[in-house]
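What you are looking at is a predicted structure, and each value in this text was computed from that prediction instead of being measured. The figures that follow rest on heavy atoms only: side chains count, while hydrogens, waters and symmetry mates do not. All ligand and atom numbering here is 1-based and tracks the order in the structure.
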Amino acid sequence: MTASIDLRADDVTLRYDQRIISERLGFRVPHGAFTVIIGPNACGKSTLLRALSGLLRPSSGSIVLDGRDIARLAPRAVATRIGLLPQSATAPDGITVAELVSRGRFVHQRLIRQWSPDDEAAVAKAMAETGVSDLSARRVDELSGGQRQRVWIAMVLAQQTPMILLDEPTTFLDVAHQVEVLNLLHRLNRAGRTVVAVLHDLNQAARYADHVVAMQDGAIVAEGAPGDTITSELVDEVFALPNRVIPDPETGQPLVIPRDTR
Ligand SMILES: Nc1ncnc2c1ncn2[C@@H]1O[C@H](COP(=O)(O)OP(=O)(O)O)[C@@H](O)[C@H]1O
Ligand SMILES: [Mg+2]
């Protein structure tokens, strides 16, 4: 799948009631890339993802999807282009894996829902891609954290959108399952999907991202290749963390080592 998609935030101000989170922010999602958004807690990463997916309306400026203001598009038109995995997705009690993944198809169905062979095929493909086919009849609430996260990703994949946005998809997973999820996202990206993920681990960001977006206080303070963005100065400035950056012995990308401040 290499369907092209162009998504950008054009001079947007994002706020909750009177509280401004981002002011006059501009950002274009690089097409076909694996983009990772980094930044300290509460800097506005989730808010930006919500805006990009059309869930949060900017109070000024616009989110532009394929040349059109997302606010003027039907939710279904947006949901067939952009899949979002929110930060704390919760599954309905007792729902099975197959049922949850099938929900990714709802956006493709008309008012009177008719389950089609296309829907069936999309669900089967998404479960195969994420390695959850064998779990199909299991209850989501009985799965391990890593399995559950793969099921959520399968749900987003079943939506078959050219772009997926994932908010902290590796949180609560042990390191092996983090790597498994990131490798999965990498494969999906290389197979043609544009991927944007919020990650907390800077070293994983450096390893997996083609494009890094660093945020601070609602603003994008650095953007570009990991080697150009994840620098000691930036980490010190944005995270207030004394650190050293050395080349990752596996990849040569930046590896951030906190200074020993005990
Ligand atoms: N629904 C909401 N209503 C009011 N304030 C919110 C809401 N969601 C987030 N915020 C506030 O907006 C700021 C940015 O939050 P968020 O985008 O979730 O940050 P991040 O994802 O970077 O941790 C925070 O101060 C947070 O408390
Ligand atoms: Mg967040």
Side-chain angles (χ1 to χ4, degrees), residues 7-30 34-65 70-71 75 78-79 82-91 145-146 148-149 152-153 155-156 163-173 175 177-178 181-182 185 194-206 208-209 211-224 226 229-231 234-241 243 256 258:
L7 182 66
R8 64 189 160 91
D10 189 2
D11 203 23
V12 293
T13 294
L14 308 176
R15 62 168 89 205
Y16 298 106
D17 298 317
Q18 291 313 301
R19 181 139 171 257
I20 292 180
I21 308 302
S22 288
E23 194 158 24
R24 307 205 62 173
L25 180 135
F27 172 57
R28 180 173 225 137
V29 178
F34 190 152
T35 295
V36 174
I37 302 175
I38 58 172
N41 290 329
C43 74
K45 304 179 296 295
S46 297
T47 301
L48 177 59
L49 276 203
R50 269 187 231 128
L52 287 171
S53 65
L55 285 184
L56 177 72
R57 292 273 148 97
S59 60
S60 69
S62 46
I63 302 295
V64 183
L65 171 60
I70 212 168
V78 177
I82 303 168
L84 171 71
L85 183 57
Q87 189 165 349
S88 40
T90 48
R148 195 176 307 138
Q149 199 58 356
W152 279 112
I153 294 171
M155 189 197 79
V156 176
M163 181 182 293
I164 51 178
L165 310 177
L166 306 104
D167 200 347
E168 298 192 24
T170 54
T171 304
F172 305 126
L173 302 183
V175 66
H177 286 104
Q178 292 177 21
V181 164
L182 290 167
L185 296 179
T194 296
V195 175
V196 181
V198 173
L199 296 181
H200 270 300
D201 188 310
L202 299 177
N203 297 327
Q204 291 178 343
Y208 285 89
H211 191 77
V212 172
V213 175
M215 291 186 72
Q216 182 178 26
D217 296 333
I220 292 175
V221 293
E223 209 183 333
T229 47
I230 302 185
T231 61
L234 177 110
V235 173
D236 202 350
E237 159 72 19
V238 171
F239 292 92
L241 179 72
N243 72 92
V256 179

Under 2.8 Å from the Mg ion (ligand 2), is there an N/O/S atom belonging to Thr47? no
Minimum-distance protein heavy atom relative to atom 23 (O) of ligand 1: Ala42 N, 2.7 Å
Counting C-beta onward and ignoring hydrogens, is there a side-chain heavy-atom pair between Leu85 and Asp167 closer than 4.5 Å? no
Are the side chains of Arg28 and Leu7 in touch, meaning some heavy atoms are under 4.5 Å apart? no
Any donor-acceptor pair under 3.5 Å linking the side chain of Lys45 with the backbone of Pro40? yes
SB check Asp17 Arg19 (cutoff 4.0 Å): no
Within the structure, does Gln87 bring an N/O atom to less than 3.5 angstrom of an N/O atom in ligand 1? no
Taking atom 18 (O) of ligand 1 as the reference point, the nearest protein heavy atom with its distance: Ser46 CB, 3.6 Å
Taking all non-hydrogen atoms of both residues, which atom of Phe27 and which atom of Val213 are closest, and how far apart? CE1-CG2, 3.6 Å
The answer for which part of Ile21 has a heavy atom under 4.0 Å from ligand 1 is side chain
When only distance counts, is Lys45 in polar contact with ligand 1, meaning an N/O pair under 3.5 Å? yes
Side-chain donor-acceptor contacts of residues 58-65 below 3.5 Å, not counting sequence neighbours, with atom names and distances?
| from | atom 1 | to | atom 2 | distance (Å) |
| --- | --- | --- | --- | --- |
| Ser59 | OG | Thr13 | O | 3.3 |
| Ser59 | OG | Arg15 | NE | 3.1 |
| Ser60 | OG | Thr13 | OG1 | 3.4 |

Do me a favour and list the nearest non-hydrogen protein atom to atom 5 (N) of ligand 1 with residue, atom name and distance? Tyr16 CD1, 3.4 Å
Quick one: look up the protein heavy atom nearest atom 17 (O) of ligand 1 and list residue, atom name and how far away it is. Thr47 OG1, 2.5 Å
The Mg ion (ligand 2) to Asn41: any N/O/S contact under 2.8 Å? no
Any idea which heavy atoms bring Leu234 and Ala222 closest together, and the distance? CD1-CB, 3.4 Å
At a 4.0 Å threshold, what atoms of ligand 1 neighbour a non-hydrogen atom of Asn41? 23 (O)
Is the shortest distance from a heavy atom of Gly39 to ligand 1 less than 4.0 Å? no
Report the C-alpha distance between Leu185 and Leu166 in whole Å, list the side-chain angles of each, state the deciding distance to 0.1 Å, and finish with yes or no for side chain to side chain contact (heavy atoms under 4.5 Å, CB included). CA-CA 10 Å; Leu185 296 179; Leu166 306 104; 3.9 Å; yes
So which protein heavy atom does atom 27 (O) of ligand 1 come closest to, and at what separation? Arg19 NH1, 4.0 Å
